[in-house]
Amino acid sequence: MVAAEPTTILNLTTTAAALHPPVVTPAEWVARTRALLSSRLDLDAVDVDVSDYVVSALADATASEDDAVTVVAPFLQFLARPGDTPVTGGAAVEAARSLRRELHGVPESLLEGGAADQPQRLAKPKRLGAAVGFHGGAEDGDSKSRRRRRPSAVNPAVDGGGNANATLDRSLEAAKAKDAADVRRSRRTGAQLRSYTHAPVEAAVASTKAKIAEGTRDVHIEGIDLSFGGLTLLSGASLHLAAGRRYGVIGRNGIGKSTLMRALARRELPLPPDMDVLYVEQEVAGNDQTPLQCVLSADEKRTALLAEEAELTAKLDSLDPAGEERLSAVYAALSEMDADAAEASAASILDGLGFSTTMMREMRSSEFSGGWRMRIALARALFGNPRLLLADEPTNHLDLHTVLWLSDYLTHWEGTLVVVSHDRDFLNTVCTDIVYVKDKLLHTYSGNYDDFERARLERLKEATRAAESYEMRRAHVQKFVDKFRANAKRASMAQSRIKLLQRMEEDRVVLPGEEEEFAFSFPEPGPLTGSHGSLQLSNVTFGYAARQRMAAPDLGNDTAPPPEAAPKLLFQGVDFSVDMDSRAALVGPNGAGKTTLLKLLLGDNVPSEGTVKRSPKLRVGYFSQHHVEQLVLWRTPLEHMKVTFPAATNDVLRGHLHKLGVSADMALRPISTLSGGQKSRVALAVITYSNPHILLLDEITNHLDIESIDALVEALNEFSGGVMVISHDARLISTVCDEIYICENGTVQRYPGDFREYRASLLNSLRKANFKRNLSISK
């Protein structure tokens with residue numbers, strides 16, 4: 001977004017009357033503030049909680065101007081009216097300050113020379129020694145040259161500079177302590193809570209400098225230091241990627257996997273200069289291009305040659321010999337890269353990712369929801385054939401059929417692949433090596449995930465035996481030293497043993513840090529009195545009304561099909577039920593209506609025909625795959641729970657969060673600083689607090705690490721209520737569910753076999769349809 005002057009959007013002026021506002025009540029301030037913002041901005045562009053938060057921050061006449069500006073400025077970019085340019089950065093700060101002064105006037109400290117007499121808040125912590133000489137006077141140029149700064153061992157990307165003793169800069173810790181004090185004070189006084197503004201939004205990255213020869217296809221990086229939000233994620237780590245290998249990056253949620261991928265994608269870590277890198281993380285921006293055009297445009301060289309060919313062909317009659325020679329060279333380059341086959345290759349990739357011919361060739365990318373645009377981004381990366389492909393959770397929002405296709409496609413990838421995934425089946429099928437992030441280091445294992453588990457256990461056993469042997473030898477030597485230290489005849493021998501102990505200390509065997517035992521625990525729903533708890537659909541017909549194509553997807557979420565011009569019935573005459581004894585999985589291709597079926601059971605969607613029955617006392621917990629949209633990111637998990645359940649005490653809420661894997665420290669951090677898996681735990685804590693009888697879980701394993709998925713499986717097996725899941729995670733379905741329902745072609749039918757049989761049938765259909773394709777890289 002392009003920053004604009006605040007007057008471009010807000011047209012703010014400070015009047016003389018605004019400098020001395022009359023005394024009004026807090027409620028009147030809120031009304032005035034809302035009226036002012038409604039006249040300048042679009043408050044309906046964000047959630048009600050967000051707009052109320054902004055209004056209350058500006059309306060608080062007792063707060064300082066700096067605090068109000070700090071809170072309001074980041075939100076102005078989201079409140080711009082349609083057609084206006086959003087303001088960001090310094091422009092947003094000035095716009096927020098102008099709004100504040102129009103309401104409450106200029107602070108008295110800034111009037112009539114007060115700025116010189118009043119203490120002013122610094123924008124950031126500053127060491128006085130950076131501006132003042134050693135003896136307290138102003139430091140001139142000569143003194144600067146005489147004072148040589150000692151080299152620091154601190155990572156320069158992390159160190160803020162200006163430390164007299166070359167130690168770690170503590171300004172970040174001070175800022176975090178100040179934020180914590182603000183939180184505690186606001187809870188005591190009931191004051192508005194400031195947003196967390198001190199934590200950096202970018203990761204600090206450093207590594208040992210290395211000379212990388214051009215043309216090198218391997219990646220070797222030593223001494224990686226990585227931190228984010230004041231937390232050290234990696235320290236002195238090493239990363240080695242061999243050309244043509246496929247690496248799966250695994251580790252606990254919040255340990256730094258995605259941050260490492262972003263550092264590689266931004267080339268903040270040293271990579272061969274001629275190595276092309278593609279990172280699949282964000283969806284493509286919606287525009288008027290079709291998905292097929294979006295994918296084809298990923299090959300910039302082909303696109304440029306085709307444009308040049310069209311330009312030269314248009315003036316073919318007037319071309320000089322040099323122009324004709326250039327046109328021949330363009331034809332040769334296009335023929336060499338097999339440009340004519342590019343469209344068929346791009347279409348086959350989109351087809352494998354679930355796009356129909358109509359969707360890929362006729363619909364605009366702006367008509368697709370975020371999950372479908374994410375698939376377009378993945379298709380662009382696969383079509384681009386980079387030497388190094390980075391993918392962060394590529395299987396999220398994909399159905400099982402598409403995951404199987406993607407797994408098969410990537411097994412034939414000839415470049416280097418680095419993928420973050422928590423899907424055991426996917427890792428076992430695709431990966432040739434595993435990179436395990438633990439203890440701030442990167443541990444590489446050969447083989448797939450099952451091989452990694454076996455090798456890790458063997459390494460742990462060997463390390464344990466070595467540590468035990470070391471401790472026995474050390475204890476024997478220490479016993480000799482203790483016995484003869486005071487003996488004059490054997491003092492020299494004791495001293496030699498002491499030196500031996502010192503040398504042994506350098507060779508001490510350090511065992512890997514123990515993994516924190518993590519377990520989910522769902523509250524027991526208790527019995528239902530007077531009725532048998534169930535959700536029932538009887539002869540239900542449901543479809544979406546005819547509408548023009550639009551950018552806003554209103555088909556539920558990413559599992560529903562993108563908007564189409566013609567009306568479409570998703571279900572017709574469906575009979576389906578879920579009760580407290582159910583252990584069912586709902587599978588089927590994307591667009592078949594799996595999420596829509598859950599919303600019919602919940603009552604969010606109303607059928608055009610048929611009935612939906614629900615036991616009156618039945619409590620249902622629904623986990624949406626878009627759970628992040630339901631969280632208020634600037635709140636802490638504890639605050640979010642308190643707002644959602646105001647009658648509950650903090651101790652009860654803390655205990656419930658702890659049962660879902662949200663630790664005491666995590667419960668006091670802003671949700672925006674949590675990883676995707678940690679946010680999933682917060683969302684799960686919200687839906688299970690009411691002790692639901694039935695859990696409807698839509699892609700709950702997205703973003704959860706493997707250990708969390710294992711714990712979730714155990715918790716669901718121990719849960720005494722009903723469970724209905726939509727998932728592409730083979731282990732979750734095969735371990736938890738004993739019924740498989742296929743949602744396809746407007747019907748919901750029970751599959752006669754178990755999940756393994758269903759998965760095998762999908763693989764057979766892929767082979768019969770000739771979906772298996774080999775990837776040829778012509779680089």
Review point. Are any of the side-chain heavy atoms of Ile376 and Phe355 separated by less than 4.5 Å?
Key: yes
Point to revise | Electrostatic pair Glu343:Arg361 at N-O distance under 4.0 angstrom | key: yes
Practice item. Mark yes or no for whether His422, through its side chain, and Ile706, through its backbone, hold a donor-acceptor pair below 3.5 Å. Key: no
Review point. What distance do Leu389 atom CG and Asp276 atom CG have between them, rounded to the nearest 0.5 Å?
Key: 10.0 Å
**Study point:** Closest contact, heavy atoms only, Gly593 versus Cys743
**Key:** C-SG, 4.0 Å
Review point. Can you tell if the side chain of Met363 reaches within under 4.5 Å of the side chain of Thr290, non-hydrogen atoms only?
Key: no
**Study point:** Where Tyr279 and Ser258 come nearest, the two heavy atoms and their spacing
**Key:** OH-O, 4.0 Å
Review point. Is the side chain of Ser407 donor-acceptor paired with the backbone N or O of Val403 at a distance under 3.5 Å, no angle test?
Key: yes
Check your understanding: When you measure from the side chain of Ser297 to the backbone N and O of Gln293, does any donor-acceptor pair fall under 3.5 Å?
Key -> yes
Review point. How about Glu324: does its CD atom have over 12 heavy atoms from other parts shown lying under 6.0 Å from it?
Key: yes
Review point. Would a 4.5 Å heavy-atom cut-off, applied to side chains only, mark Val736 and Val725 as touching?
Key: no
Exercise for review: Answer yes or no: is there a donor N or O on one side and an acceptor on the other, between the side chain of Thr313 and the main chain of Glu309, under 3.5 Å?
Suggested key: yes
Practice item. Please report the C-alpha distance between Leu296 and Thr303 in whole Å, then the side-chain angles of each, then the deciding distance to 0.1 Å, and finally whether the side-chain contact (heavy atoms from CB on, under 4.5 Å) criterion is met. Key: CA-CA 8 Å; Leu296 289 173; Thr303 302; 5.9 Å; no
Practice item. Looking only at non-hydrogen atoms, find the nearest pair between Ile349 and Tyr409 and report the distance. Key: CD1-OH, 3.4 Å
Check your understanding: Minimum heavy-atom separation for Ala342 to Phe383, with atom names?
Key -> O-CE1, 3.4 Å
Review point. Under 3.5 Å, is there a donor-acceptor pair between the side chain of Ser366 and the main chain of Asp288?
Key: no
Check your understanding: Any sub-3.5 Å donor-acceptor pair from Ser727's side-chain atoms to Asp729's backbone N or O?
Key -> yes
Review point. Among Leu271, Leu278, Asp274, whose side chain to side chain contact (heavy atoms under 4.5 Å, CB included) with Arg387 holds?
Key: Asp274
Point to revise | Heavy-atom closest contact (Leu264 atom, Leu390 atom, distance) | key: CB-CD1, 3.9 Å
Exercise for review: Ignoring hydrogens and angles, tell me if any N or O in the side chain of Lys594 forms a donor-acceptor pair with the backbone of Gly588 under 3.5 Å.
Suggested key: yes
Check your understanding: Taking all non-hydrogen atoms of both residues, which atom of Phe623 and which atom of Ile700 are closest, and how far apart?
Key -> CE2-CA, 3.6 Å
**Study point:** Polar side-chain atom of Ser761 near backbone of Tyr758 as donor-acceptor pair, under 3.5 Å
**Key:** yes
Review point. With a 4.5 Å heavy-atom cut-off, do Met724 and Phe576 have their side chains touching?
Key: yes
Point to revise | Any residue meeting side chain to side chain contact (heavy atoms under 4.5 Å, CB included) with Leu305, in chain and number order, not counting sequence neighbours | key: Lys301, Glu308, Arg326, Val330, Ala333, Leu334, Met337
Exercise for review: Give a yes or no on whether Arg267 atom CZ has more than 12 heavy-atom contacts from other residues, nucleotides or ligands under 6.0 Å away.
Suggested key: yes
**Study point:** Trace of the side-chain contact (heavy atoms from CB on, under 4.5 Å) decision for Arg262 with Arg266
**Key:** CA-CA 6 Å; Arg262 284 191 288 269; Arg266 296 170 181 170; 3.9 Å; yes
Revision key, fill the gap. Exactly one of Thr429, Asn428, Asp423 clears side chain to side chain contact (heavy atoms under 4.5 Å, CB included) with Phe426, and that residue is Asp423
Check your understanding: Judged by atom type as modelled, is there a donor-acceptor pair below 3.5 Å linking the side chain of Glu362 to the main-chain atoms of Met359?
Key -> no
Check your understanding: Does the pair Leu597 and Val748 meet the rule for a side-chain contact (heavy atoms from CB on, under 4.5 Å), with working shown?
Key -> CA-CA 9 Å; Leu597 184 71; Val748 181; 4.0 Å; yes
Practice item. Kindly write out the residues that satisfy side-chain hydrogen bond (donor to acceptor under 3.5 Å, both in side chains) with Asn605, not counting sequence neighbours, or none if the list is empty. Key: none
Point to revise | Residues which pass side chain to side chain contact (heavy atoms under 4.5 Å, CB included) with Ala242, listed by chain and number, not counting sequence neighbours | key: Asp218, Arg245, Tyr247
Review point. Are side-chain heavy atoms of Val587 and Ile733 found at a separation under 4.5 Å?
Key: yes
**Study point:** Sidechain N-carboxylate O distance under 4.0 Å for Arg759, Asp425
**Key:** yes
Check your understanding: Is the shortest heavy-atom distance from the side chain of Arg217 to the side chain of Pro272 under 4.5 Å?
Key -> no
**Study point:** Any side-chain heavy-atom pair of Arg246 and Asp433 under 4.5 Å
**Key:** no
Check your understanding: side-chain contact (heavy atoms from CB on, under 4.5 Å) between Arg81 and Leu41: does it pass, once the steps are laid out?
Key -> CA-CA 6 Å; Arg81 289 179 170 178; Leu41 303 168; 5.6 Å; no
Exercise for review: To the nearest 0.5 Å, tell me how far Ile742 CD1 sits from Leu586 CG.
Suggested key: 10.0 Å
Exercise for review: Check whether any side-chain heavy atom of Lys315 sits under 4.5 Å from a side-chain heavy atom of Glu311, and report yes or no.
Suggested key: yes
Check your understanding: Any donor-acceptor pair under 3.5 Å linking the side chain of Thr411 with the backbone of Val430?
Key -> no
Check your understanding: Is a side-chain donor-acceptor pair under 3.5 Å present for Asp698 with Thr595?
Key -> yes
